[in-house]
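Before any comments, here is the structure.
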Amino acid sequence: KQEVTQIPAALSVPEGENLVLNCSFTDSAIYNLQWFRQDPGKGLTSLLLIQSSQREQTSGRLNASLDKSSGRSTLYIAASQPGDSATYLCAANTGNQFYFGTGTSLTVIP
Amino acid sequence: DGGITQSPKYLFRKEGQNVTLSCEQNLNHDAMYWYRQDPGQGLRLIYYSQIVNDFQKGDIAEGYSVSREKKESFPLTVTSAQKNPTAFYLCASSPTDRASPLHFGNGTRLTVT
């Protein structure tokens, strides 16, 4: 069964800093990997989707990379802002199911 | 705007009562999912449906039931058999194309006392 791990569980950084969130998965047979943002008490908002054939995707200040062979994905956030404070989750899509990590709770300090 | 609507946002029930959570989507997606989220745990799959009138159990289906009579709707019933029903419930949908992303509603927080 696919297992997805996110480290660290929590991260606190000063405003303006660049940061990297990590996601690892045990089974490399995935169709894609999706990064989400979740604000307290809300649903998940999709940030980036990387197909298995792609190495990275970019949207604004966000860049996600995927290395299937090593079972890892990273989410890079440039020039962090207080509004980036949220929980970030990754999900590995095996075609039949989506497997989620437990998330990284990010706090950006003004 | 297309999206997924979950209602109500907050739901309170007494122990022993069944309760139904609503999920409606207008994205024309074939697949729909129900997840449960508890503090410190990842999302866990309760049920999913890839086509009308068909659905499959996920990892934690015991104590829950679903129906899929219409493409747009996938209601979840939390029965009295669910031992620990208090949680945040999330509904999601996607096209059946395996490369497509997952879309979420805003969730329903159920509290059972």
Side-chain angles (χ1 to χ4, degrees), chain A residues 1-10 21-27 29-54 57 59 62 64 66 68 73 86-105, chain B residues 1-11 21 23-25 27 29 31-51 55-61 87-111:
Chain A
K1 181 183 171 181
Q2 178 76 271
E3 291 185 8
V4 180
T5 305
Q6 291 186 248
I7 295 173
L21 306 180
N22 297 295
C23 172
S24 61
F25 47 95
T26 55
D27 187 348
I30 63 170
Y31 281 83
N32 56 53
L33 189 130
Q34 196 168 355
W35 281 93
F36 296 89
R37 168 187 173 134
Q38 185 176 32
D39 293 291
K42 301 285 190 180
L44 279 65
T45 300
S46 182
L47 297 173
L48 288 165
L49 173 74
I50 314 177
Q51 301 295 349
S52 60
S53 59
Q54 297 175 321
Q57 279 288 323
S59 176
L62 305 180
L66 176 64
K68 271 184 56 176
S73 176
T87 297
Y88 292 80
L89 297 97
C90 63
N93 178 8
T94 61
N96 293 319
Q97 283 196 35
F98 296 81
Y99 291 88
F100 288 82
T102 51
T104 294
S105 177
Chain B
D1 284 340
I4 301 172
T5 301
Q6 290 188 244
S7 61
K9 185 173 181 179
Y10 299 98
L11 194 52
L21 282 60
C23 178
E24 303 277 334
Q25 55 102 355
L27 298 167
H29 288 168
M32 296 187 73
Y33 309 80
W34 274 105
Y35 292 91
R36 170 179 171 141
Q37 187 176 34
D38 295 283
Q41 298 196 41
L43 273 68
R44 292 183 290 168
L45 182 64
I46 305 173
Y47 268 98
Y48 66 101
S49 167
Q50 295 188 316
I51 195 170
F55 46 83
Q56 286 77 42
K57 293 181 180 180
D59 299 320
I60 56 164
F88 190 50
Y89 290 88
L90 288 158
C91 178
S93 72
S94 72
T96 47
D97 169 11
R98 292 179 175 182
S100 292
L102 197 57
H103 300 257
F104 279 87
N106 274 331
T108 291
R109 183 164 299 281
L110 173 65
T111 302

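Lettering follows sequence order; numbering is per chain, from 1.
In this structure, chain A has a heavy atom under 4.5 Å from the side chain of B:D59, while its backbone stays farther away. If you measure heavy-atom distances from A:Q97 to chain B, the contacts under 4.5 Å come from the side chain alone. Of the two parts of B:Q6, neither the backbone nor the side chain holds a non-hydrogen atom closer than 4.5 Å to a non-hydrogen atom of chain A. Only the side chain of B:L45 comes within contact range of chain A, with at least one heavy atom under 4.5 Å from a heavy atom of that chain. Neither the backbone nor the side chain of A:I30 has a heavy atom closer than 4.5 Å to any heavy atom of chain B. Proximity to chain A is limited to the backbone of B:S100, based on heavy atoms less than 4.5 angstrom apart.
Within a 6.0 Å sphere centred on CD of B:Q41, other residues, nucleotides and ligands contribute more than 12 heavy atoms. Enclosure of atom CG in B:L27 by more than 12 non-hydrogen atoms of other residues, nucleotides or ligands within 6.0 angstrom is indicated.
B:K9 is linked by a side-chain contact (heavy atoms from CB on, under 4.5 Å) to A:K42, counting only residues two or more places apart in sequence or in another chain. Contacts of A:Q54 classified as side-chain contact (heavy atoms from CB on, under 4.5 Å), with partners at least two apart in sequence or in another chain: A:I50, A:Q51, A:Q57.
Across all non-hydrogen atoms, the minimal contact from B:F104 to A:L44 is CB-O, 3.4 Å.
Note on A:L49, A:V4, A:L89, A:D39: by heavy-atom pairs under 4.5 Å with chain B, the leading option is A:L49. Ranked by heavy-atom pairs under 4.5 Å with chain A, the list B:G105, B:G107, B:P101, B:G42 is led by B:P101.
With rounding to the nearest 0.5 angstrom, the CG atom of A:N93 is 7.5 Å from the OG atom of B:S94. Summarising the geometry, atom CG belonging to B:L102 is positioned 6.0 Å from atom CD belonging to A:Q34; distances are rounded to the nearest 0.5 Å. With values rounded to the nearest 0.5 angstrom, A:F100 atom CZ is found 4.5 Å from B:Y35 atom OH.
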Does A:T45 form a side-chain contact (heavy atoms from CB on, under 4.5 Å) with B:H103? I'd like the steps, not just the answer. CA-CA 7 Å; A:T45 300; B:H103 300 257; over 6 Å; no
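A 4.5 Å side-chain heavy-atom check between A:Q38 and B:L90 finds at least one atom pair inside the cut-off.
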